[in-house]
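Order of the sequence lines fixes the chain letters, A, B, ..., with proteins taken first and strands second; residue numbering starts at 1 for each chain.
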Protein chains: 2
Amino acid sequence: MVTQSVYADPLSVTFSALSHPVRRDMLRQLRTGKVTVKELAEPHEMSAPAITKHLKVLENAKLITRSQDAQWRFSEIHVSPLIEVANWVDEYKILWNERLDRLEVYVEKLTKGDKNTQ
Amino acid sequence: MVTQSVYADPLSVTFSALSHPVRRDMLRQLRTGKVTVKELAEPHEMSAPAITKHLKVLENAKLITRSQDAQWRFSEIHVSPLIEVANWVDEYKILWNERLDRLEVYVEKLTKGDKNTQ
DNA sequence: ACAATATTTAACCAATAAGTTAATTAACTA
DNA sequence: TAGTTAATTAACTTATTGGTTAAATATTGT
(Lines give C-alpha, C1' and ligand atoms only; values in the text may rest on other atoms or scores of the structure.)
Protein backbone atom coordinates (compact mmCIF):
# COMPACT_ATOMS: atom_id res chain seq x y z
CA MET A 1 0.00 0.00 0.00
CA VAL A 2 0.92 3.58 -0.47
CA THR A 3 1.72 5.62 2.59
CA GLN A 4 -1.29 7.12 4.31
CA SER A 5 0.51 10.46 4.36
CA VAL A 6 -1.06 13.64 3.07
CA TYR A 7 0.60 12.91 -0.28
CA ALA A 8 -1.36 9.73 -1.02
CA ASP A 9 -4.28 10.06 -3.40
CA PRO A 10 -7.74 9.76 -1.79
CA LEU A 11 -8.65 6.41 -3.35
CA SER A 12 -5.39 4.85 -2.13
CA VAL A 13 -6.08 6.17 1.35
CA THR A 14 -9.57 4.68 1.20
CA PHE A 15 -8.44 1.24 0.04
CA SER A 16 -5.68 1.26 2.62
CA ALA A 17 -8.14 2.07 5.40
CA LEU A 18 -10.43 -0.73 4.22
CA SER A 19 -7.59 -3.25 4.17
CA HIS A 20 -7.85 -4.10 7.86
CA PRO A 21 -10.60 -6.44 9.12
CA VAL A 22 -10.97 -4.54 12.40
CA ARG A 23 -11.65 -1.31 10.54
CA ARG A 24 -14.15 -3.00 8.24
CA ASP A 25 -15.87 -4.44 11.32
CA MET A 26 -16.05 -0.94 12.77
CA LEU A 27 -17.70 0.41 9.65
CA ARG A 28 -20.15 -2.46 9.78
CA GLN A 29 -21.04 -1.54 13.37
CA LEU A 30 -21.50 2.06 12.32
CA ARG A 31 -24.16 1.22 9.76
CA THR A 32 -26.75 1.39 12.53
CA GLY A 33 -25.75 4.89 13.65
CA LYS A 34 -23.46 6.76 16.03
CA VAL A 35 -21.39 4.54 18.31
CA THR A 36 -18.90 5.23 21.12
CA VAL A 37 -15.27 4.12 21.11
CA LYS A 38 -16.00 1.63 23.85
CA GLU A 39 -18.79 -0.04 21.87
CA LEU A 40 -16.55 -0.20 18.82
CA ALA A 41 -13.79 -1.74 20.92
CA GLU A 42 -15.97 -4.37 22.56
CA PRO A 43 -15.88 -7.08 19.84
CA HIS A 44 -12.12 -6.82 19.47
CA GLU A 45 -9.45 -8.23 21.76
CA MET A 46 -7.30 -5.21 21.46
CA SER A 47 -6.07 -2.39 23.69
CA ALA A 48 -7.92 0.94 23.76
CA PRO A 49 -5.01 2.82 22.14
CA ALA A 50 -5.08 0.37 19.22
CA ILE A 51 -8.77 1.15 18.73
CA THR A 52 -8.03 4.87 18.82
CA LYS A 53 -5.43 4.35 16.11
CA HIS A 54 -7.84 2.46 13.87
CA LEU A 55 -10.38 5.23 14.31
CA LYS A 56 -7.78 7.79 13.28
CA VAL A 57 -7.09 5.84 10.12
CA LEU A 58 -10.81 5.78 9.31
CA GLU A 59 -11.13 9.46 10.13
CA ASN A 60 -8.10 10.37 8.02
CA ALA A 61 -9.70 8.46 5.14
CA LYS A 62 -12.91 10.44 5.73
CA LEU A 63 -14.77 7.18 6.22
CA ILE A 64 -16.02 8.44 9.58
CA THR A 65 -16.70 11.76 11.20
CA ARG A 66 -16.46 12.23 14.94
CA SER A 67 -18.27 14.20 17.58
CA GLN A 68 -18.11 14.50 21.33
CA ASP A 69 -20.64 14.44 24.15
CA ALA A 70 -19.11 14.61 27.64
CA GLN A 71 -16.47 11.88 27.87
CA TRP A 72 -17.90 9.96 24.97
CA ARG A 73 -16.62 10.31 21.42
CA PHE A 74 -19.05 9.20 18.77
CA SER A 75 -18.16 7.97 15.35
CA GLU A 76 -20.48 8.21 12.40
CA ILE A 77 -20.00 6.64 9.00
CA HIS A 78 -19.39 8.94 6.06
CA VAL A 79 -20.30 7.33 2.77
CA SER A 80 -18.64 9.37 0.03
CA PRO A 81 -15.35 7.43 -0.05
CA LEU A 82 -17.41 4.24 -0.31
CA ILE A 83 -19.23 5.72 -3.28
CA GLU A 84 -15.83 6.32 -4.87
CA VAL A 85 -14.94 2.67 -4.31
CA ALA A 86 -18.23 1.62 -5.89
CA ASN A 87 -17.56 3.89 -8.86
CA TRP A 88 -14.06 2.54 -9.23
CA VAL A 89 -15.13 -1.08 -9.21
CA ASP A 90 -18.03 -0.34 -11.56
CA GLU A 91 -15.50 0.28 -14.33
CA TYR A 92 -14.53 -3.38 -14.10
CA LYS A 93 -18.05 -4.79 -14.14
CA ILE A 94 -18.01 -4.75 -17.93
CA LEU A 95 -15.18 -7.28 -17.66
CA TRP A 96 -17.01 -9.85 -15.65
CA ASN A 97 -20.14 -9.44 -17.68
CA GLU A 98 -18.11 -10.06 -20.85
CA ARG A 99 -16.71 -13.16 -19.27
CA LEU A 100 -20.14 -14.37 -18.24
CA ASP A 101 -21.35 -13.74 -21.79
CA ARG A 102 -18.51 -15.82 -23.20
CA LEU A 103 -19.30 -18.52 -20.66
CA GLU A 104 -22.95 -18.51 -21.71
CA VAL A 105 -22.00 -18.90 -25.36
CA TYR A 106 -19.73 -21.75 -24.39
CA VAL A 107 -22.39 -23.49 -22.34
CA GLU A 108 -24.84 -23.03 -25.20
CA LYS A 109 -22.40 -24.73 -27.57
CA LEU A 110 -21.89 -27.59 -25.15
CA THR A 111 -25.61 -28.20 -24.71
CA LYS A 112 -26.64 -27.65 -28.36
CA GLY A 113 -26.43 -31.36 -29.16
CA ASP A 114 -28.86 -32.10 -26.34
CA LYS A 115 -31.35 -29.47 -27.43
CA ASN A 116 -34.11 -31.92 -28.32
CA THR A 117 -33.66 -34.03 -25.25
CA GLN A 118 -34.58 -31.15 -22.91
CA MET B 1 -3.38 -2.41 6.33
CA VAL B 2 -3.10 -5.90 7.60
CA THR B 3 0.00 -7.82 6.64
CA GLN B 4 -0.18 -9.43 3.22
CA SER B 5 1.00 -12.68 4.78
CA VAL B 6 -0.81 -15.96 4.28
CA TYR B 7 -2.70 -15.21 7.47
CA ALA B 8 -4.53 -12.14 6.17
CA ASP B 9 -8.12 -12.67 5.06
CA PRO B 10 -8.72 -12.48 1.29
CA LEU B 11 -10.68 -9.23 1.33
CA SER B 12 -7.93 -7.48 3.31
CA VAL B 13 -5.35 -8.73 0.82
CA THR B 14 -7.50 -7.43 -2.04
CA PHE B 15 -7.99 -3.97 -0.53
CA SER B 16 -4.31 -3.78 0.33
CA ALA B 17 -3.32 -4.65 -3.24
CA LEU B 18 -5.71 -1.99 -4.55
CA SER B 19 -4.31 0.66 -2.21
CA HIS B 20 -1.43 1.60 -4.51
CA PRO B 21 -2.03 3.83 -7.55
CA VAL B 22 0.59 2.02 -9.65
CA ARG B 23 -1.17 -1.29 -9.10
CA ARG B 24 -4.55 0.21 -9.95
CA ASP B 25 -3.01 1.66 -13.12
CA MET B 26 -1.75 -1.80 -14.00
CA LEU B 27 -5.18 -3.33 -13.59
CA ARG B 28 -6.58 -0.57 -15.78
CA GLN B 29 -4.05 -1.43 -18.49
CA LEU B 30 -5.00 -5.07 -18.21
CA ARG B 31 -8.64 -4.41 -19.00
CA THR B 32 -7.78 -4.63 -22.70
CA GLY B 33 -6.13 -8.05 -22.40
CA LYS B 34 -2.79 -9.74 -21.77
CA VAL B 35 0.16 -7.38 -21.38
CA THR B 36 3.91 -7.88 -20.85
CA VAL B 37 5.84 -6.61 -17.85
CA LYS B 38 7.61 -4.08 -20.05
CA GLU B 39 4.34 -2.60 -21.30
CA LEU B 40 3.05 -2.41 -17.74
CA ALA B 41 6.25 -0.70 -16.65
CA GLU B 42 6.30 1.87 -19.44
CA PRO B 43 3.95 4.51 -17.94
CA HIS B 44 5.72 4.43 -14.57
CA GLU B 45 9.04 6.04 -13.66
CA MET B 46 10.14 3.12 -11.61
CA SER B 47 12.80 0.42 -11.73
CA ALA B 48 12.01 -2.98 -13.23
CA PRO B 49 12.33 -4.78 -9.87
CA ALA B 50 9.75 -2.42 -8.40
CA ILE B 51 7.36 -3.38 -11.18
CA THR B 52 8.03 -7.06 -10.51
CA LYS B 53 7.16 -6.50 -6.87
CA HIS B 54 3.88 -4.78 -7.68
CA LEU B 55 2.98 -7.66 -9.98
CA LYS B 56 3.68 -10.13 -7.17
CA VAL B 57 1.35 -8.23 -4.89
CA LEU B 58 -1.39 -8.37 -7.54
CA GLU B 59 -0.72 -12.04 -8.17
CA ASN B 60 -0.74 -12.84 -4.46
CA ALA B 61 -4.12 -11.10 -4.24
CA LYS B 62 -5.32 -13.21 -7.19
CA LEU B 63 -6.10 -10.02 -9.09
CA ILE B 64 -3.95 -11.25 -11.96
CA THR B 65 -2.80 -14.57 -13.35
CA ARG B 66 0.46 -14.92 -15.21
CA SER B 67 1.75 -16.90 -18.16
CA GLN B 68 4.96 -17.09 -20.10
CA ASP B 69 5.90 -17.09 -23.80
CA ALA B 70 9.64 -17.09 -24.48
CA GLN B 71 11.17 -14.20 -22.53
CA TRP B 72 7.86 -12.44 -22.06
CA ARG B 73 5.66 -12.84 -19.02
CA PHE B 74 2.06 -11.91 -19.57
CA SER B 75 -0.36 -10.74 -16.95
CA GLU B 76 -4.08 -11.16 -17.24
CA ILE B 77 -6.72 -9.66 -14.99
CA HIS B 78 -8.71 -12.01 -12.78
CA VAL B 79 -12.03 -10.53 -11.75
CA SER B 80 -13.29 -12.56 -8.80
CA PRO B 81 -11.61 -10.47 -6.06
CA LEU B 82 -13.11 -7.40 -7.70
CA ILE B 83 -16.53 -9.03 -7.53
CA GLU B 84 -15.93 -9.51 -3.80
CA VAL B 85 -15.15 -5.82 -3.47
CA ALA B 86 -18.33 -4.95 -5.34
CA ASN B 87 -20.32 -7.26 -3.08
CA TRP B 88 -18.74 -5.76 0.00
CA VAL B 89 -19.49 -2.19 -0.98
CA ASP B 90 -23.01 -3.13 -2.06
CA GLU B 91 -23.87 -3.70 1.59
CA TYR B 92 -23.32 0.02 2.17
CA LYS B 93 -25.37 1.25 -0.75
CA ILE B 94 -28.49 1.12 1.37
CA LEU B 95 -26.82 3.78 3.53
CA TRP B 96 -26.27 6.32 0.83
CA ASN B 97 -29.69 5.68 -0.63
CA GLU B 98 -31.20 6.29 2.80
CA ARG B 99 -29.27 9.49 3.05
CA LEU B 100 -30.39 10.58 -0.40
CA ASP B 101 -33.98 9.79 0.59
CA ARG B 102 -33.67 11.94 3.70
CA LEU B 103 -32.13 14.67 1.59
CA GLU B 104 -35.04 14.47 -0.84
CA VAL B 105 -37.54 14.76 1.97
CA TYR B 106 -35.59 17.74 3.29
CA VAL B 107 -35.48 19.42 -0.10
CA GLU B 108 -39.20 18.77 -0.50
CA LYS B 109 -39.88 20.47 2.81
CA LEU B 110 -37.74 23.43 1.84
CA THR B 111 -39.49 23.89 -1.48
CA LYS B 112 -43.02 23.15 -0.28
CA GLY B 113 -43.75 26.82 0.38
CA ASP B 114 -42.78 27.66 -3.18
CA LYS B 115 -44.92 24.91 -4.67
CA ASN B 116 -47.27 27.24 -6.50
CA THR B 117 -44.54 29.47 -7.84
CA GLN B 118 -42.89 26.67 -9.83
C1' DA C 1 -12.24 16.88 46.54
C1' DC C 2 -11.94 12.08 44.96
C1' DA C 3 -12.74 8.00 42.57
C1' DA C 4 -14.33 5.97 38.39
C1' DT C 5 -15.01 5.96 33.48
C1' DA C 6 -13.83 7.09 28.61
C1' DT C 7 -10.48 8.15 25.62
C1' DT C 8 -6.12 9.86 23.93
C1' DT C 9 -1.09 10.69 23.85
C1' DA C 10 3.65 9.28 24.20
C1' DA C 11 7.16 6.15 23.67
C1' DC C 12 8.51 2.07 22.14
C1' DC C 13 8.98 -2.36 19.19
C1' DA C 14 8.65 -5.80 15.44
C1' DA C 15 7.07 -6.68 10.95
C1' DT C 16 5.97 -5.07 6.45
C1' DA C 17 5.93 -2.01 2.31
C1' DA C 18 8.07 0.22 -1.27
C1' DG C 19 11.72 1.65 -3.27
C1' DT C 20 16.81 1.27 -4.80
C1' DT C 21 21.21 -0.93 -7.20
C1' DA C 22 23.79 -4.92 -8.62
C1' DA C 23 23.79 -9.44 -10.10
C1' DT C 24 21.49 -13.38 -12.24
C1' DT C 25 18.58 -16.10 -15.31
C1' DA C 26 16.53 -17.07 -19.63
C1' DA C 27 15.61 -16.60 -24.46
C1' DC C 28 16.29 -14.61 -28.82
C1' DT C 29 19.44 -12.84 -32.61
C1' DA C 30 23.41 -11.66 -35.48
C1' DT D 1 29.27 -17.79 -29.31
C1' DA D 2 28.67 -13.14 -27.94
C1' DG D 3 25.49 -9.51 -27.36
C1' DT D 4 20.83 -7.86 -26.45
C1' DT D 5 16.43 -7.92 -24.35
C1' DA D 6 13.05 -9.29 -20.69
C1' DA D 7 12.39 -10.17 -16.25
C1' DT D 8 13.58 -11.79 -11.67
C1' DT D 9 16.29 -12.37 -7.38
C1' DA D 10 19.15 -10.73 -3.66
C1' DA D 11 20.50 -7.45 -0.51
C1' DC D 12 19.79 -3.31 1.42
C1' DT D 13 17.44 1.16 3.15
C1' DT D 14 13.78 4.05 4.83
C1' DA D 15 9.23 4.89 6.29
C1' DT D 16 4.95 3.14 7.81
C1' DT D 17 1.79 -0.04 10.17
C1' DG D 18 -0.10 -2.13 13.96
C1' DG D 19 0.46 -3.47 18.16
C1' DT D 20 1.99 -2.82 23.20
C1' DT D 21 2.29 -0.47 28.15
C1' DA D 22 2.30 3.59 30.98
C1' DA D 23 0.84 8.09 31.67
C1' DA D 24 -2.19 11.96 30.84
C1' DT D 25 -6.64 14.29 30.05
C1' DA D 26 -11.43 15.11 30.60
C1' DT D 27 -15.88 14.37 32.50
C1' DT D 28 -19.18 12.46 35.61
C1' DG D 29 -20.96 10.95 40.06
C1' DT D 30 -20.42 10.56 45.21
Of C:dC12, C:dG19, D:dA7, the nucleotide closest to the side chain of A:K53 is C:dC12
_Short side-chain N/O contact to D:dG19 OP1/OP2 from A:S47, under 4.0 Å_ = no
With sequence neighbours left out, the residues meeting side chain to side chain contact (heavy atoms under 4.5 Å, CB included) with B:T36 are B:K38, B:E39, B:W72, B:F74
Of the candidates D:dA7, D:dT20, C:dT20, the side chain of B:V37 sits closest to D:dA7
Of D:dA7, C:dT9, C:dT21, the nucleotide closest to the side chain of A:P49 is C:dT9
From CZ of A:F15 across to P of C:dA17 the rounded distance in Å is 17 Å
- Task: Considering just the side-chain nitrogens and oxygens of B:R73, establish if one lies under 4.0 Å of OP1 or OP2 belonging to C:dT25.
- Result: no
In short, B:A61 meets B:P81 closest at the heavy-atom pair O-CG, 3.6 Å
Taken to the nearest whole Å, CG/B:D69 to C1'/D:dA7 is 14 Å
Taking C:dT20, C:dT8, D:dT8 as options, the one with an atom nearest any side-chain atom of A:T52 is C:dT8
Here the pair of heavy atoms bringing B:H44 nearest to B:I51 is CB-CD1, 4.4 Å
B:A48 has its side chain closest, among C:dT8, D:dT21, D:dT8, to D:dT8
Do B:S19 and B:R24 have side-chain N/O donor and acceptor atoms under 3.5 Å apart? no
Rounded to whole Å, the CG-C1' distance (A:L55 to C:dA6) equals 13 Å
Rounded to whole Å, CE of B:M46 lies from P of C:dT21 at a distance of 12 Å
A:E39 atom CD is separated from C:dA6 atom P, nearest whole Å, by 10 Å
Here the distance between atom C1' of C:dA15 and atom OH of B:Y7, to the nearest Å, is 13 Å
Checking C:dT8, D:dT28, D:dG19 against the side chain of A:A70 (C-beta onward), the nearest is D:dT28
Taking every heavy atom of B:R31 against every heavy atom of A:L95, the minimum-distance pair comes out as O-CD2, 3.8 Å
B:A50 has its side chain closest, among D:dT21, C:dT20, D:dG19, to C:dT20
(message) D:dG19, OP1 or OP2 - any side-chain N/O from A:H20 closer than 4.0 Å?
(response) yes
inquiry  = Counting only side-chain nitrogens and oxygens, does B:H54 get under 4.0 Å of the OP1 or OP2 atom of C:dA17?
reply    = no
Taken to the nearest whole Å, CG/A:L58 to P/C:dT8 is 12 Å
By side chain to side chain contact (heavy atoms under 4.5 Å, CB included), B:P49 pairs with (sequence neighbours left out) B:S47
To the nearest angstrom, the CH2-C1' distance between A:W72 and D:dA26 comes to 12 Å
A:K56 has its side chain closest, among C:dT20, C:dA6, C:dT8, to C:dT8
Picking from D:dA6, D:dT8, C:dT21, the nucleotide nearest the side-chain atoms of B:K38 would be D:dA6
